[in-house]
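Here's the structure, in structure tokens; my notes come after.
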Number of protein chains: 2
Amino acid sequence: MSNPRPRGLPKYLHVADYLRAQIDDSTYQPGDRLPTEPELMDTFPYDRATIRRGLAVLRNEGLITSEQGRGVFVRDATKTRYDLMSMLITDRSHPAKPDAAYNQPPRGPDDGLSIEHTYEVVAAGEKLGAAFELDPRSELLASTYTFFISGDTAEYRTVAYVPYPLVIDTPLATPSDDWPQPPIKDQLAGVGVKVTTVAVDIESRMPTPQESFDLQIPDGTPVLSDRRRFLADDRVVCITDSVGVADRIVYGLDLNLQ
Amino acid sequence: MSNPRPRGLPKYLHVADYLRAQIDDSTYQPGDRLPTEPELMDTFPYDRATIRRGLAVLRNEGLITSEQGRGVFVRDATKTRYDLMSMLITDRSHPAKPDAAYNQPPRGPDDGLSIEHTYEVVAAGEKLGAAFELDPRSELLASTYTFFISGDTAEYRTVAYVPYPLVIDTPLATPSDDWPQPPIKDQLAGVGVKVTTVAVDIESRMPTPQESFDLQIPDGTPVLSDRRRFLADDRVVCITDSVGVADRIVYGLDLNLQ
DNA sequence: AGAGATTTGTCCGTATGTATA
DNA sequence: ATATACATACGGACAAATCTC
């Protein structure tokens, strides 16, 4: 059955390592069901609580999901590549030679991609106000796009903030549902704002409970998030905050050096 | 003490929500010690196992760390910004207006940043071989840089792979310990390889056990990882794999549109 | 240096609830 | 309706690391 436990290794990590090795070597493949907890209690001379703790480790590593009444399954992980340049500069993506090592079939509406869109006027608040260098009570137009892949599973959400006075009485005050949207710098150019600089910060963290709920993020899955700040003459004219479910997305940046 | 538990909410989430709210509103600040488990058992009419499970939730969200014999502490989170462009194209960074909302003091050698460097010749193996479109038995020169911040805490590691035949008998075959290194495209130009395209893939995931050990990554912290592929006339001439501890780093990309 | 108290880590056994097959 | 399988919760015991006196 299972190898003897290395001296000093906690039992629950023994269980986790044993199963992780079998997931790594494809004994269990994405979608496969792992042995049930009682079955694992036959494999290991451990208590059920110990088995469960080992499974919790793998769940928090994003390798498995548990479904009550059904079993424990190996997570699937095909990813969508979001190209940074085409999101920032132009609508046309210019993919470099794709990396065969990444399993990233391009996705589009035909593959079940759907988009949900809402917008509202909100008060900036402390943090956003500071980022805009505006009073916290200033009004911002907040435009939210959520991307769903295959039904109710979300993979990406982006919120764009623009100072409301900047776009009031312009077409931007009533954003359209269309997708893809023109790049933000072009939209702003249409209302007379010339974006000179874009600054992007990309980070990774665990989701907040709200994000977990909204985007239906499974336990143990981080988010890839970014903030883009659009500057016109050192003035911040737009900020977008995006959150992607980390096991669903990849950010791409292709540079042609010629 | 604690608010009554909303109907239907598991007790352990009650504990987690209660403490998370206090971390969010700065009742407990980074570095502060949370109440001990026995103290929380006085606050809540729950069993110690239930309290501990609530703490585990916050640990897996990256909000706290536990230290045996000492207590539970709110995680600190000052981040270093790694500029993608300056890493790819030139040695000079050209920062845009920094975002005040991000607390990212720039770091350098003066702040305790130190670098460790090793290199070796390895067999490509299945996956890397496929990425290079080379035989899995091909030899690659692997050059590893690890960045440590304040002593033994690592924050970033990058491994650069180059087909060994490409650099054998050149200065690149014996990489120097210097830092910063010239950009890879310049290094390759020095041995007659003209890089035409760079493709970057950025993703986020939970660390492997090996990475957790090597980089001393605390529980519940994801990694921000990227793969850069350097192409010369559609031929892959270099691949770098980088891994950053997510609560220590931010990737930056600043574009001047003028 | 040592003893004891404190605090978190690991593990077991049991019971009950809830979703699924 | 029954069985299966995971989720939540309680209580107890001991170990390991740290701190204090």
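No hydrogens, no waters, no symmetry mates; every other heavy atom, side chains included, goes into these values. Just so we're on the same page: letters track the sequence lines, and every chain starts at 1.
Judged by atom type and distance alone, B/Arg48 does not reach the base of D/dG12 through any side-chain donor-acceptor pair under 3.5 Å.
Residue A/Tyr12 places none of its side-chain N or O atoms closer than 4.0 Å to OP1 or OP2 of C/dC11. Phosphate contact (OP1/OP2 of D/dT8, side-chain N/O of B/Arg53, threshold under 4.0 Å): present. Contact check, B/Thr50 against D/dT8: no side-chain N or O comes under 4.0 Å of OP1 or OP2.
There is a side-chain donor-acceptor pair under 3.5 Å between A/Asp226 and A/Tyr251.
Distances from the side chain of A/Arg70 to the nucleotides C/dA21, D/dC6, C/dC11 place C/dA21 closest. When distances run from any side-chain atom of B/Arg33 to the nucleotides C/dT7, C/dT20, D/dA7, the shortest one goes to C/dT7.
Heavy-atom nearest nucleotides on DNA chain C were determined for B/Gly71 and for A/Gln68, and the one closer to the 5' end corresponds to B/Gly71. DNA chain D is contacted by both A/Gly69 and B/Ala49; A/Gly69 maps to the nucleotide lying nearer its 5′ end (nearest heavy atom per residue). Each of A/Tyr46 and B/Ser66 was assigned the nucleotide of DNA chain C with the nearest heavy atom; the assignment lying further toward the 5' end belongs to B/Ser66. Residues B/Lys11 and A/Glu37 each lie close to DNA chain D; by heavy-atom proximity, the contact nearer the 5' end of the strand is made by A/Glu37.
Screening B/Met206, B/Arg75, B/Arg248 against B/Thr221 for a side-chain contact (heavy atoms from CB on, under 4.5 Å) leaves a single residue, B/Arg75.
The nearest whole Å value for the distance from the CG atom in A/Asp47 to the P atom in D/dG12 is 17 Å. The NE2 atom of A/His14 sits 16 Å away from the P atom of C/dT10 (whole-angstrom rounding). In this entry the distance linking CG of B/Leu9 with P of D/dT8 reads 10 Å, nearest Å. Atom CZ in A/Phe44 sits about 16 Å away from atom C1' in C/dC11, given to the nearest Å. The CZ-P distance, from A/Phe73 to C/dA19, rounds to 17 Å in whole Å. Per the geometry, CZ belonging to A/Arg52 stands 8 Å off C1' belonging to D/dT8, to the nearest Å. Counting to the nearest Å, the P atom of D/dT4 and the CD atom of A/Glu39 are 12 Å from each other. At whole-Å resolution of the value, CG in B/Leu34 and P in C/dT7 are 13 Å apart.
Using a 4.5 Å cut-off on side-chain heavy atoms (C-beta onward), A/Arg53 and A/Lys11 make no contact.
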Legend entry - Chi angles and distances behind the ring-ring contact (aromatic ring centres under 6.0 Å, His included) call for B/His117, B/Tyr119: CA-CA 7 Å; B/His117 174 224; B/Tyr119 61 95; 5.8 Å; yes
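For A/Tyr18 and A/Phe44, the distance between ring centers is under 6.0 angstrom.
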